[in-house]
Amino acid sequence: MEYGELNSEPQLEALLKLAGKHQLALAICAPVASTGNEEKDDEPELPLLNVRQPGRDPVELSIAVEENKALSFRLGDSALSRRVEKMLVDESIPKSVHDYKSALRLLARRTGTRTLGNESSPSPLAGVRDDVMLFSYLLNPTYSSHSLAEVALRRFNLQLSGMIAEAADVTLRLGRVLRTEVEGEIGLINVYETIDLPLVPVLARMEAAGVKIDTAALARMSVQLEKQCDARSKEIHGLAGEEFNVNSPRQLGEVLFNKLGLPKPVKYGKGKTISTAVDVLEDLAVEHEIARKVLDFRQLSKLKSTYVDSLPNLVDAETGRVHTTFNPVGTATGRLSSTNPNLQNIPIRTELGREIRSAFIAEAGNVLLSADYSQIELRLLAHFSDDPLLVEAYRRGDDIHQLTASEVFGVPPMLITAEHRGRAKAVNFGIVYGISPFGLAAQLGIDQKEAKKYIETYFDRYRGVRAFIERVLDETRREQRVRTLFGRIRPIPDINSKNANMRGFAERTAVNTPLQGTAADVIKLAMLKIDAELSRRKLRSHMTLQVHDELVFEVPEKEVDTMRELVSEHMQNVYPFKVPLVVDVGVGQNWRDLD
DNA sequence: CTGGAAAGCGCC
DNA sequence: AAAGGGCGCTTTCCAG
């Protein structure tokens, strides 16, 4: 190993000369705490935030051009630092990294860059050709981790020491190997070059932009919820005849099923503990009012702990906003995930939950604009299956759940009730998720025989859908993997398993992944087009959130009309499917009240 | 005291 | 026996 320090300009010039022939790999990370006793602290100490100087945050960096060699450097204020920065922003110097988005954000924070790649402030890291993390993900998205350490272990059986020079070296070598593999998979390099890699700077900008939260409103809600929780919990103790922790499923089960002698759920309790999950308690609510109280308590306490009390803690002291992290390699299907906080699961279903959504607000002079795809997965099912009934219905703009109700329950469209429609909706969703009679029966509260009849009738009417599912399963059995429309792959090794249970899971996954994964590709493509359009037209609107089939923007009032048009057009026309993609757009002061 | 499993539940 | 796809967060509980 020749791991050394970069400490002169000639050294750097020699490196860059070599980089012309080979590729240059970078490892970039925040400096490790040198004092050694503050590293386990999760949250930064408050007084320090005020002394932080955005222009001066150092960053550790290491550069590798040849295997087993790397030069490390602390990016600070020196003349050499400025020379290194010039290299970093030089688009014509191709680079290999692991986790491009983290590098971008780290470098942006260091220089105090806010917008990350507008004409006003250029990207702090350009020319990235290879992102080892994205390569690893595209080659096998089912691994739970694509950290450099994990990838090095999996691919090279190499245990990393933590030295940054070693990280740069390994990034260089992994970059070469994994790029070759990605190029060897039909369509995969295309997904990489046209979707996942270009999306990284877009995601970095969304994270950096953040969202504004009405913390005062949340504080008021917290007080109210505290009272309500307390009251519910006292009522429950009264009904139970003893005090216990309602939050403990074990203690609750003890009280419900042993002390009060309520009927135990038929098939629940897969382990030793009897389930007290929502559907169990809903059945119980008929017998005893305590079950309803517990359900109410659960809802209140969930909303309070997960959202109302947590979100304010994640407001960034510098920006006054909440900055989630989008994980571009976090799912097996190609979707994004969101952490710290997860802004992809903000409540909407219940009135009380929606209250939390109303605390997501726009900056003064701005509004929030939300645009979501209507039933995108079912539309993709129509496209893939080419089912005449489904395709024609979507082309006509018919109500698809009503159609399914009419077809499956044999009721004339005129006579369909909300009840019918609701059940049909469950059937349609069931198809996308890979339905079983048991699952549908549980969902609809009917017996398995009837559920089975519904499913059979569905496939009788939607012949193309049945054929599509058979086609996907056949191909998966041969290839042991599935593919989205754009070429993203997911291994399905259990598809030929002798274990019927595992095989069943594999089959449902195989059917769902092309739909969910293609929808993920579609919205990513829309994000790219919209982002490009925003900078081309020099608009001041910016994208802030993505929630799988929805995009949220913060929009200056003057740009609302423009943005309504721009966003919905680009989302709808992202790809020429056989059926139209419909996009619903709403605008408002907060994330709940949208028109 | 910390880490992890299990249960439960918020979203698409 | 298990029995609808994909996530992340909070709480409880227990082992080390």
Side-chain angles (χ1 to χ4, degrees), chain A residues 40 141-142 144 244-253 267-281 294-295 297-311 313-314 324-327 329-350 352-354 356-357 372-377 381 426-444 448 451-452 455 482 490 492 499-517 519-520 523 545-550:
Chain A
K40 57 188 159 194
T142 60
S144 61
F244 68 99
N245 187 348
V246 186
N247 253 327
S248 163
R250 229 180 62 177
Q251 294 179 36
L252 178 65
K267 277 282 181 180
Y268 291 92
K270 18 198 161 186
K272 39 205 160 183
T273 54
I274 306 166
S275 170
T276 65
V278 52
D279 36 353
V280 173
L281 292 184
V294 172
L295 286 168
F297 173 86
R298 286 245 181 95
Q299 190 198 11
L300 297 165
S301 119
K302 171 91 177 181
L303 295 179
K304 182 170 190 290
S305 66
T306 309
Y307 305 101
V308 174
D309 289 347
S310 300
L311 284 172
N313 292 326
L314 291 160
T324 187
T325 300
F326 287 108
N327 186 353
V329 299
T331 70
T333 56
R335 276 187 176 180
L336 303 175
S337 71
S338 159
T339 57
N340 236 314
N342 180 357
L343 295 184
Q344 291 180 322
N345 73 344
I346 301 304
I348 191 170
R349 237 181 55 248
T350 66
L352 188 64
R354 273 198 295 277
I356 290 162
R357 222 164 243 244
D372 64 283
Y373 283 113
S374 164
Q375 297 170 353
I376 185 166
E377 290 177 8
L381 177 63
V427 173
N428 282 332
F429 267 97
I431 298 299
V432 172
Y433 292 156
I435 203 162
S436 75
F438 179 91
L440 186 64
Q443 173 83 30
L444 295 182
Q448 263 188 72
K452 198 171 167 205
I455 295 170
V482 283
R490 174 178 183 178
I492 312 278
N499 181 326
N501 199 17
M502 291 174 72
R503 200 172 58 243
F505 268 112
E507 288 172 354
R508 293 191 292 276
T509 305
V511 171
N512 175 262
T513 298
L515 301 171
Q516 189 183 127
I523 196 166
L545 295 176
Q546 188 251 46
V547 191
H548 311 308
D549 64 358
E550 175 189 14

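Chain naming here is simple, since letters A, B, ... match the order of the sequence lines and numbering starts at 1 in each.
A:S301 comes within contact range of no nucleotide atom at all, as no heavy-atom separation falls under 4.0 Å. Contacts of A:A426 with the nucleic acid, taken as non-hydrogen atoms under 4.0 Å apart, include base atoms. Nucleic acid contact class of A:N245 (heavy atoms, under 4.0 Å, all strands): sugar-phosphate only. Nucleic acid contact class of A:F429 (heavy atoms, under 4.0 Å, all strands): base. No engagement by A:A441 is indicated, since no non-hydrogen atom pair under 4.0 Å with the nucleic acid exists. Using a 4.0 Å heavy-atom distance criterion, A:R508 is classed as a sugar-phosphate-only contact. Looking at heavy-atom distances under 4.0 Å, A:G504 makes no contact with the nucleic acid at all. Heavy atoms of A:R503 sit nowhere under 4.0 angstrom from any nucleic acid atom. Residue-level contact check: A:E550 touches neither bases nor backbone, having no heavy atom under 4.0 Å from any strand. A:V278 comes within 4.0 angstrom of the backbone, heavy atoms only, and of no base. In this structure, A:I348 reaches the sugar-phosphate backbone alone: every heavy-atom distance under 4.0 Å involves primed, P, OP1 or OP2 atoms, never a base. Backbone-only contact: A:S310 has heavy atoms under 4.0 Å from sugar-phosphate atoms and none from a base.
One finds no side-chain N or O of A:R357 lying less than 4.0 angstrom from the OP1 or OP2 phosphate oxygen of B:dC11. In this model, the phosphate group of C:dG8 is approached by a side-chain N or O of A:S337 to a distance below 4.0 Å at OP1 or OP2. Regarding contacts with the backbone of B:dG8, a side-chain N or O of A:T276 is found under 4.0 angstrom from either OP1 or OP2. Contact annotation: A:R349 side-chain N/O to B:dC12 OP1/OP2 distance is not under 4.0 Å. For C:dC13, the OP1/OP2 oxygens have a side-chain nitrogen or oxygen of A:S248 closer than 4.0 Å. One finds a side-chain N or O of A:R298 lying less than 4.0 angstrom from the OP1 or OP2 phosphate oxygen of B:dC9. Put simply, A:S275 has a side-chain N or O that comes within less than 4.0 Å of OP1 or OP2 on B:dG8.
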Q) Could you write out DNA chain C as a dot-bracket string, with dots for unpaired bases, | for bases paired across to another strand, and Watson-Crick or G-U pairs counted at under 3.5 Å? A) ....||||||||||||
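For the pair A:I346 CD1 and C:dC9 C1', the computed distance is 11 Å after rounding to whole Å. A:I455 has its CD1 atom 11 Å from the C1' atom of C:dA3, to the nearest Å. Computed from coordinates, the A:L336 CG to C:dG6 P distance equals 16 Å when rounded to whole Å. At whole-Å resolution of the value, OH in A:Y433 and P in C:dA3 are 17 Å apart. Taking atom CG on A:L295 and atom P on B:dC9, their separation rounds to 7 Å, with Å as the unit. Following rounding to the nearest Å, A:Y307 (OH) and B:dC9 (P) show an atom-to-atom distance of 12 Å. Put simply, CG on A:D279 is 10 Å from P on B:dG8, counting in whole angstrom units. Atom CG of A:N342 and atom P of B:dC12 are 11 Å apart (whole Å).
Nearest heavy atoms, A:E377 versus A:L515: O-CD2, 3.9 Å. Closest approach of A:S337 to A:G330, counting heavy atoms only: OG-CA, 4.1 Å. Residues A:P514 and A:V511 come closest through the heavy atom pair CD-O, 3.3 Å. The shortest heavy-atom contact between A:V246 and A:F297 is CG1-CD2, 3.6 Å. Taking every heavy atom of both residues into account, A:A451 and A:A441 meet most closely at CB-N, 3.7 Å. Here the closest heavy-atom approach between residue A:R357 and residue A:I346 is recorded as NH2-O, 2.7 Å.
Here C:dC14 is the nucleotide among C:dC14, C:dT11, B:dA7 with the atom lying nearest to any side-chain atom of A:R250. Closest approach to the A:A332 side chain among C:dC7, B:dA7, C:dC9 is made by C:dC7 (side chain taken as heavy atoms from C-beta onward). The side chain of A:Q251 approaches C:dC13 more closely than any other nucleotide in the set C:dC13, C:dG6, C:dA3. Taking every side-chain heavy atom of A:T339 into account, C:dC9 is the closest of C:dC9, B:dC9, C:dG5.
For A:V308, the side chain to side chain contact (heavy atoms under 4.5 Å, CB included) criterion is met by A:L218, A:M221, A:S222, A:L225, A:I356, not counting sequence neighbours.
Atom C1' of B:dC9 sits at a distance of 25 Å from the matching atom of C:dA1, rounded to the whole Å.
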Q) Should A:Y433 and A:L440 be marked as a side-chain contact (heavy atoms from CB on, under 4.5 Å) after you check the CA-CA gap, both sets of side-chain angles, and the distance that decides it? A) CA-CA 11 Å; A:Y433 292 156; A:L440 186 64; over 6 Å; no
Q | Derivation and outcome, side-chain contact (heavy atoms from CB on, under 4.5 Å), residues A:Q516 and A:T331 | A | CA-CA 11 Å; A:Q516 189 183 127; A:T331 70; 5.7 Å; no
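Under the side-chain contact (heavy atoms from CB on, under 4.5 Å) test applied with A:L295, the options A:T276, A:V278, A:L300 reduce to a single match, A:V278.
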